[in-house]
Amino acid sequence: MILDGLAGIGRQGLNFFATMGRAGIMLFNALWALPNIKKSWPLLLRQLYVVGVQSFAIIVVSGLFIGMVLGLQGYTILVGYGAENSLGPMVALSLLRELGPVVTALLFAGRAGSALTAEIGLMKATEQLSSMELMAVDPLRRVIAPRFWAGFLSMPLLAFLFSAIGIWGGYLVGVEWLGVDQGNFWGVMQAAVDLNRDILNGFIKSLVFAVVVTWIAIFRGYDCVPTSEGISQATTQTVVHASLAVLGLDFVLTALMFGE
Amino acid sequence: MSDNAYVEVKNMTFSRGERVIYEDISLSIPKGKVVAVMGPSGIGKTTLLRLIAGQLKPEKGQIIVDGENIPALSRNGLYEARKKMSMLFQSGALFSEMSVFDNVAFPIREHCKLPEDIVRSMVLMKLNSVGLRGAANLMPSELSGGMARRAALARSIALDPDLIMYDEPFAGQDPISMGVLIRLIRSLNDALGLTSIVVSHDVNEALSIADYVYIMANKKIVGHGTPAQLAKDDSPLVHQFMAGEADGPVPFHFPSQPIEEELAEVLK
Ligand SMILES: Nc1ncnc2c1ncn2[C@@H]1O[C@H](COP(=O)(O)OP(=O)(O)OP(=O)(O)O)[C@@H](O)[C@H]1O
Ligand SMILES: [Mg+2]
């Protein structure tokens, strides 16, 4: 019984490391060579559109609502201490440090990550990747690399957009609706937000999340069992693994950045 | 014959997990000829093509294409070697997000720096030769199975490679397209001096097109020769395949226990 359990853990451990190895090799082979700018640029643009621009709407709407909720909750809590003038920094700091990068990454995993996995998995199942390989075109560079870079470039921008819209949502609720003083809202916020500590750290976070989420998504597609069931499983795994990885990493990064 | 062989497989063994697909087989494909590979379904014909293209690695033995041992090549070497070959997939494998035109143009655009109007005329010529010039602007999802396969054929001959491997080019074709395809494969081969491997179940078509034929069964090559030689071959394996009989030395069934036993177990 115990031995079986141990063997099971061992097997899972080995599996885990083998998967990590395959994922590492895939990314390395996709990215190590210098891309041919003339050919890669249109591919990258197209993926930036699919991965980045098409995620715009969900990011804007979510950012607005989260900012509005922050404004409302923050106000009801702060007003009890007579501290409603701190509403600005509260909204801004929670968005820039945490909610912007984290929620964007979660939304991105669900919106763009799952689509990447399904698309690549289907290309594998229908032998499109194989036939590309046989035409002496490396699918890692033609298919995988532009999708990776598109995710890497668009997520930090989306996170920034999310925070900006969120702050505006907080302003709408706090200032326009609940009557917090406009000058206080912006002034205290400006004094409290630090470029390095808050904005830069949030940016670093979303870069890390971008790598992790995009990497998981494309690897799950590339490594999937090439059947309809395999693809659906891979898509689910992308969302679950990417979300867990983001939340776990967020704790680690927060501890490194803000823990004394 | 091995002096002018373009592809040579030497003492190759390959298995999928526990199941041995090929046991110590050797064969050679002479340069400039059309060679047919025939054999029952599931025997490993597609696998053989993937081995030659370096997508699968054999456990033992050598696969020499144009003087290079494919399994021993580095990643880059393999991609270089593949520029000389091309393969028509059994499923067609067209890129679903591109039109038929862009599919055929894909290998040309990837490997040659040509002005767009030359690419255009090359593609239209290839599409014309498979009868699909009018379908250039359709998406793969708008094609029938047979049309998709012909479009894929146009794509695989787009760059006039030295070696073309056709996996079941005739499946799903009506008699007219079939005749056109046979003449096309033949004339590509003769006009450009390329080497062709045609995988087919279709005994008549394969015999009519091939200069040389290999018949596989039971992990081995059970017969080979020119079509005329095979027609006279009286070994029971070859005879069974040529005549299309279910009973004989080549089993029709995937390896399994006898059906009586299995049904008895089910009914118990
Ligand atoms: N990815 C795979 N994993 C495990 N076994 C496989 C895989 N692909 C094929 N096989 C096995 O290898 C054997 C040979 O397959 P292959 O596709 O080469 O057959 P084939 O001769 O081309 O058949 P057909 O004429 O029906 O296309 C089959 O019996 C199949 O079960
Ligand atoms: Mg096959």
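By convention in this document, chain letters (A, B, ...) are assigned in the order of the sequence lines, proteins followed by strands, and residues within each chain are numbered from 1.
Contacts between B:F95 and chain A at a heavy-atom distance below 4.5 Å involve backbone atoms as well as side-chain atoms. Heavy atoms closer than 4.5 Å to chain A are found nowhere in B:L159, neither backbone nor side chain. Looking at B:S96, both its backbone and its side chain come within 4.5 Å of chain A, counting heavy atoms on both sides.
Of the inter-residue distances, the one linking A:L134 atom CG with B:I52 atom CD1 reads 11.5 Å to the nearest 0.5 angstrom.
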Check against side-chain contact (heavy atoms from CB on, under 4.5 Å), A:M135 and B:E110: CA-CA 9 Å; A:M135 283 184 250; B:E110 283 294 321; over 6 Å; no

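Around the CD atom of B:E116, the shell of radius 6.0 Å holds more than 12 heavy atoms that belong to other residues, nucleotides or ligands. Dense packing is recorded around NZ of A:K39, with more than 12 heavy atoms of other residues, nucleotides or ligands lying under 6.0 Å away. More than 12 heavy atoms of other residues, nucleotides or ligands sit less than 6.0 Å from atom OH of B:Y79. Within a 6.0 Å sphere centred on CZ of B:R75, heavy atoms belonging to other residues, nucleotides or ligands number more than 12. Counting non-hydrogen atoms of neighbouring residues, nucleotides and ligands closer than 6.0 angstrom, the CZ atom of A:F160 reaches no more than 12 such neighbours.
Residues of residues 106-130 of chain A that come closer than 4.5 Å to chain B, counting heavy atoms only, are A:T126, A:E127, A:Q128, A:S130, ordered by residue number.
The minimum heavy-atom distance linking A:S131 with B:A93 is given by the pair OG-O, 3.4 Å.
Checking each of B:R82, B:K83, B:R109, B:H111 against A:V137 for a side chain to side chain contact (heavy atoms under 4.5 Å, CB included) leaves exactly one that passes, namely B:H111.
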